[in-house]
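Just follow the structure's listing: the first ligand is 1, and inside any ligand the first atom is 1. Numbers here are sequence positions counted from 1.
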Amino acid sequence: MKRDDLLGFSFGGNKCRIGMAFLEDMEKQGGNFMVSYGSSGSNLNRTMAALCKSKNIPCLIMVAEEEGEEACTFNRQIAKSAGAEQVVCKKTNVADAVGQVLEELRGRGYKPYYLYGNEQGRGNEAAAREAYIRAYREIAGWEKDRGVEFTHIFHASGTGMTQGGLVAGKRQAGGREEIIGISVARDAQRGTDAVRRYAGDGPEEIRFEADYRCGGYGLYDSFVEEIIEQMMNSHGIALDPTYTGKAYAGMERWLKRYGTGRERVLFIHTGGMPLYFDYLNRKRAEYAKGKGTQAI
Ligand SMILES: *Cc1c(COP(=O)(O)O)cnc(C)c1O
């Protein structure tokens, strides 16, 4: 397992690498106000808020609230305590909401930087890509030092920034392993298109697996829960049900279906520790309601 959850800022994770890449890009472009976007449980929003606070850069997070999704999460709370401004919007209306926010910030005299690019969320693919090109190089270096070659790399795939970077890194290095993104939300078409965009032009096939989504973003089944419990009990490693736990469970399901038993597999732990505690909180509430089999 590549432990990107152990990167040294705000619980680590892929958003640590990606967030730093966006900050570098904002500096290059001469921006002075960071605008981020994500769900209420977004690791990206939390990490951007924390990174910006530590560098005294003003930050606003757009929070897409969806019916049925938890509105009060640890990530949101951490972002708030880092002093980020918050604007709530609907997932169906993001472009308009982003446009309004950017206009308002310009009115206040700032040069805002929306990390996804334009209002439609396009244009900053190259900046995001760079983060996991670097991570791919670390993996390739590790393999070379140890004389090991992975046959497969698995990880949780959402927006495609992580997978796109890995695919671009593999292309540059002439790597041969399969990079398999386990979708946490998107269907195969939408997910594959997004990864392709972040990966940049290349001849390679994109492996975005959408069969292990358990019904959608934030949803999970008892197997995902089992994996989370096992990983904590056997290795002391926290996984969460939205990203890493779902992806690890998806990887096991994939290997059972397609594997020969001879694969040499790397799983990238993409972080998201606060979501593990949201999960525990939810379990606690279930116990308290008497739904669980055991009281804590
Ligand atoms: C955002 C996130 C992902 C998905 O990464 P993308 O680059 O959006 O595909 C996976 N795991 C965790 C913990 C995340 O926060």
Side-chain angles (χ1 to χ4, degrees), residues 1-7 9-22 36-51 61 64 73-76 78-79 115-117 121 124-136 153-169 179-188 190-199 206-210 212-213 217-218 220 224 228 231 237-251 267-279:
M1 190 183 285
K2 180 169 174 61
R3 301 288 308 277
D4 272 3
D5 58 319
L6 297 181
L7 291 172
F9 188 86
S10 186
F11 311 103
N14 61 344
K15 300 314 174 331
C16 205
R17 292 179 186 274
I18 292 168
M20 306 267 246
F22 281 138
S36 179
Y37 165 84
S39 66
S40 58
S42 171
N43 292 311
L44 180 62
N45 278 348
R46 180 248 313 158
T47 309
M48 284 325 304
L51 275 171
I61 62 173
T73 64
F74 285 123
N75 275 333
R76 194 166 174 185
I78 297 165
L115 45 68
Y116 285 111
N124 283 357
E125 288 81 3
R129 181 182 308 142
E130 204 46 46
Y132 270 81
I133 289 180
R134 289 177 203 163
Y136 184 90
I153 298 177
F154 287 89
H155 67 92
S157 202
T159 63
M161 294 191 284
T162 302
Q163 193 171 356
L166 289 169
V167 167
I179 296 169
I180 302 182
I182 303 291
S183 174
V184 301
R186 290 179 175 172
D187 63 35
R190 186 159 172 242
T192 303
D193 289 350
V195 173
R196 165 64 62 208
R197 220 161 30 80
Y198 280 106
I206 302 293
R207 306 285 304 267
F208 182 89
E209 290 287 342
Y212 313 102
R213 288 179 286 167
Y217 184 75
Y220 49 93
V224 174
I228 291 173
M231 192 56 72
I237 295 173
L239 301 178
D240 76 85
T242 303
Y243 295 103
T244 53
K246 182 184 271 187
Y248 200 98
M251 171 179 77
F267 179 80
I268 303 181
H269 191 317
T270 43
M273 169 91 81
L275 298 175
Y276 172 68
F277 291 100
D278 283 333
Y279 171 63

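- For the pair His269 (side chain) and Ala238 (backbone), a donor-acceptor distance under 3.5 Å is present.
- For ligand 1, the atoms sitting less than 4.0 Å from at least one non-hydrogen atom of Ser157 are 9 (O), numbered in the order shown with element in parentheses.
- Taking every heavy atom of Met161 and a limit of under 4.0 angstrom, the matching atoms of ligand 1 come to 7 (O), 9 (O).
- Not a single N or O atom of Gly272, backbone or side chain, sits closer than 3.5 Å to an N or O atom of ligand 1.
- No side-chain donor-acceptor contact under 3.5 Å links Thr244 to the backbone of Thr270.
- Remark: among candidates Thr47, Thr162, Asn75, the nearest residue to atom 7 (O) of ligand 1 is Thr162, based on non-hydrogen atoms.
- Relative ring orientation between Tyr279 and Tyr276 is described as tilted, the plane-to-plane angle lying within the 30° to 60° band.
- What sits closest to atom 9 (O) of ligand 1 on the protein, heavy atoms only, is Gly158 N, 2.6 Å.
- Of all the listed residues (Arg17, Lys15, Arg46, Gln163), Lys15 holds the heavy atom that lies closest to atom 1 (C) of ligand 1.
- The local environment of CE in Met1 is crowded, with over 12 non-hydrogen atoms from other residues, nucleotides or ligands closer than 6.0 Å.
- Judged purely by distance below 3.5 Å, without hydrogens or angles, the side chains of Tyr243 and Tyr248 never pair a donor atom with an acceptor atom.
- Nearest-heavy-atom check against atom 10 (C) of ligand 1 across Thr270, Leu239, Ile18, Val195 picks out Thr270.
- For atom 6 (P) of ligand 1, the nearest non-hydrogen atom from the set Asp5, Leu275, Thr159 belongs to Thr159.
- Checked by atom type and distance alone, the side chain of Arg213 pairs as donor or acceptor with a backbone atom of Ala210 at under 3.5 Å.
- None of Lys246, Met273, Met231 except one satisfies the side-chain contact (heavy atoms from CB on, under 4.5 Å) rule with Leu239; the exception is Met231.
- Of all atoms in ligand 1, numbered sequentially from 1 with element shown, those under 4.0 Å from a heavy atom of Gly271 are 13 (C).
- When the shell of 6.0 Å around CZ of Arg3 is examined, it contains more than 12 heavy atoms from other residues, nucleotides or ligands.
- With a 4.0 Å heavy-atom cut-off, ligand 1 is reached by the side chain of Asn14 but not by its N, CA, C or O.
- Listed by number with element, the atoms of ligand 1 under 4.0 Å from a non-hydrogen atom of Asn43 are 13 (C), 14 (C), 15 (O).
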